[in-house]
Amino acid sequence: MPAPRVRFAPSPTGFLHVGGARTALFNWLYARQTGGVFVLRIEDTDKERSTEAHTQVILDGLTWLGVTWDEGPYFQGSYADRHRADAERLLASGHAYRDFLTADELDAARARAKASGVPFRYHRAELELPADEVERRATAGSPYTIRFAMPDDEIAWDDAVHGPISWQGRDLDDFIILRSDGSAIYNMAVVSDDIAMGITHVIRGDDHISNTPKQIALYRALGAPLPVFGHVPMILGTDGKKLSKRHGATAVGDYQDMGILPAAMRNFLALLGWSPGGNEEIVDQEAMISRFSLEHIQKKPAVFDTTKLEWMNGQYLSALAADDLIAPVERQLAILGVHTDRELHALIDAVKTRSRTVIHLAEQIAVRIDRSRVHRDDNAAKFVAKLGAATFTANLALAAAELNGVGEWNAAALEGQLKAQATAHNLKLGDLMQPIRIALTGGTVSEPVPLLLEVTGRDESLARIALAVQTISA
RNA sequence: GGCGCUAUCGUCUAGGGGCCCAGGACACAGCCCUCUCAAGGCUGGAACACGGGUUCGAAUCCCGUUAGCGCUACCA
């Protein structure tokens with residue numbers, strides 16, 4: 001059996017949505033697993049809405065996700081001649097006919113049907129003019145569309161995710177395949193391209209199920225072998241409606257900006273509608289590829305739950321080595337306006353388990369390297385009030401005195417010193433630690449204080465403590 | 001309206017006739033750990049849409065109902 005060829009065929013009329021990204025991912029996973037080829041084709045035939053900028057965003061989004069294509073990007077617009085030739089071939093073979101009705105006449109007929117409450121259907125007998133009349137109008141230069149003559153019989157296929165699906169041809173209209181300006185309509189262009197590109201597996205969104213019988217009829221009329229069709233379910237917003245702008249972030253670029261890691265996004269998207277079958281949640285790329293199967297794709301739509309995405313991102317953040325986090329962290333630091341030549345590894349390791357997004361991670365690092373970002377928050381103020389400003393500063397001063405004399409400035413040594421100090425002065429550990437934390441970060445939450453001191457550095461830590469003593473007693 | 005698709009905890013899901021008075025994860029609550037917060041560990045509440053069949057036995061198979069979604073363009 002020859003290697004499968006799959007494709008992802010977005011139209012560049014908007015950003016790369018998570019639904020599209022997941023469809024791309026499923027195609028990619030299938031290609032990687034089977035040793036097949038993943039083709040990227042940009043369907044830019046809607047010239048009104050397609051833009052180069054959108055194309056670039058889609059390419060960037062796929063690249064960021066790690067969904068890399070083996071062929072392409074091909075641009076559907078450049079195959080207009082072939083599309084037209086295929087449509088005309090259908091006309092010549094009697095599988096299609098000329099329709100001289102104008103768009104306006106069609107609209108009027110539809111409006112009439114709607115007004116009288118009957119469903120609008122094309123009547124081929126009326127549309128299909130006598131041969132000599134067709135000839136007369138054509139030579140007279142009347143514009144026409146080419147309409148496919150839909151056979152009446154059953155069209156069924158064994159969908160790779162849904163199983164058997166069946167339609168009756170008679171329920172389908174004779175649809176236009178070539179516009180009066182000579183350009184092909186979607187279904188014609190897709191089939192023409194998929195045949196020409198040797199696509200063996202068409203894996204796409206559920207919203208295309210109703211296009212499939214039309215496309216199958218086209219394959220048959222064109223005498224081409226049928227690919228395998230697999231329709232993956234839609235992705236919904238938390239209100240159960242189709243995911244849209246209203247639901248907030250829906251483009252993969254949005255998630256990059258929110259500080260989501262590509263590996264986490266990939267993992268999350270893969271498990272939205274697909275499951276390896278067991279109980280795992282964190283599935284790395286290799287496992288995804290080896291265990292992927294179209295049969296295990298869910299048939300029903302899934303709600304996109306950002307909370308779980310963030311949890312998963314946190315898992316990746318904790319598990320990934322600082323090395324792998326440097327680039328995204330630097331990107332976010334730049335966005336925050338923080339520029340530093342400090343070595344970031346230790347800082348990242350110190351704070352990463354407490355972060356769910358790279359943004360939060362970067363914010364914490366920013367506070368540790370840039371003193372001007374230390375602002376006491378409400379919880380800190382409450383703590384000061386509860387302990388009493390006098391005790392607070394006294395404890396801080398005590399800590400400062402102790403820390404001044406520390407030889408090795410590392411977490412283990414600092415912890416020993418601080419604990420001894422607390423015991424010696426009969427202080428609760430928290431009453432000594434928390435003031436330091438507040439002095440260093442302005443907040444009540446951080447990594448363990450000894451580690452915080454270590455990554456903040458001796459001079460900077462002492463300076464911040466001195467500053468806090470000053471401002472709080474004042 | 002017509003045609004099609006779908007239906008397990010709030011959400012993502014496991015489940016392919018007995019292993020299921022339904023398992024895991026997120027979220028939520030409690031406990032443990034602990035200088036704080038995370039992480040981690042433990043515990044808890046929480047679902048087979050409804051009605052008929054088939055079968056010794058159904059979340060699993062069939063039919064119907066209901067609900068949701070999709071398509072019904074000279075858009076893709």
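Please read all numbers here as calculations on a predicted model, not as lab measurements. Naming: A, B, ... by sequence-line order, numbering from 1 per chain.
- If you check every strand for non-hydrogen atoms under 4.0 Å, A:His231 touches nothing.
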Taking only nitrogen or oxygen atoms into account, show me every contact under 3.5 Å that the protein makes with nucleotides 4-9 of chain B, one pair per line with its distance.
unit_1 : atom_1 : unit_2   : atom_2 : d
B:C5   : O3'    : A:His162 : ND1    : 3.2
B:U6   : OP1    : A:His162 : ND1    : 3.2
B:U8   : OP2    : A:Lys300 : NZ     : 2.4

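- Note on A:His296: a base of the nucleic acid sits closer than 4.0 angstrom, heavy atoms only.
- Rounded to the nearest Å, the gap between the P atom of B:G30 and that of B:A38 is 12 Å.
- The stretch residues 375-393 of chain A participates, sequence neighbours left out, in no salt bridge (charged side-chain N to carboxylate O under 4.0 Å, His left out) pair at all.
- Heavy atoms of A:Glu281 sit under 4.0 angstrom from at least one base atom.
- Within the 4.0 angstrom heavy-atom criterion, no nucleotide atom of any strand lies near A:Gly205.
- One interatomic measurement links the two molecules: CG of A:Leu271 to C1' of B:G24, which rounds to 11 Å at whole-angstrom precision.
- Across all strands shown, A:Val449 has heavy atoms under 4.0 Å from base atoms, whether or not it also approaches the sugar-phosphate.
- Taking A:Arg458 as the reference, nothing meets the salt bridge (charged side-chain N to carboxylate O under 4.0 Å, His left out) condition, with sequence neighbours excluded.
- Of the residues in residues 345-356 of chain A, A:Thr353, A:Arg354, A:Arg356 come within less than 4.0 Å of RNA chain B through at least one heavy atom, sorted by number.
- Ring geometry, A:Phe26 versus A:Phe292: the interplanar angle falls from 30° to 60°, so the pair is classed tilted.
- Scored by the ring-ring contact (aromatic ring centres under 6.0 Å, His included) test, A:Phe148 finds A:Phe175 as partners (sequence neighbours excluded).
- A salt bridge is defined here as a Lys NZ or Arg NE, NH1 or NH2 lying under 4.0 Å from an Asp or Glu carboxylate O, and A:Arg41 with A:Asp194 meets this definition.
- Contacts of A:Asp81 classified as salt bridge (charged side-chain N to carboxylate O under 4.0 Å, His left out), with partners at least two apart in sequence or in another chain: A:Arg84.
- Within 3.5 Å, a donor on the side chain of A:Ser180 pairs with an acceptor on the base of B:C74, or the reverse.
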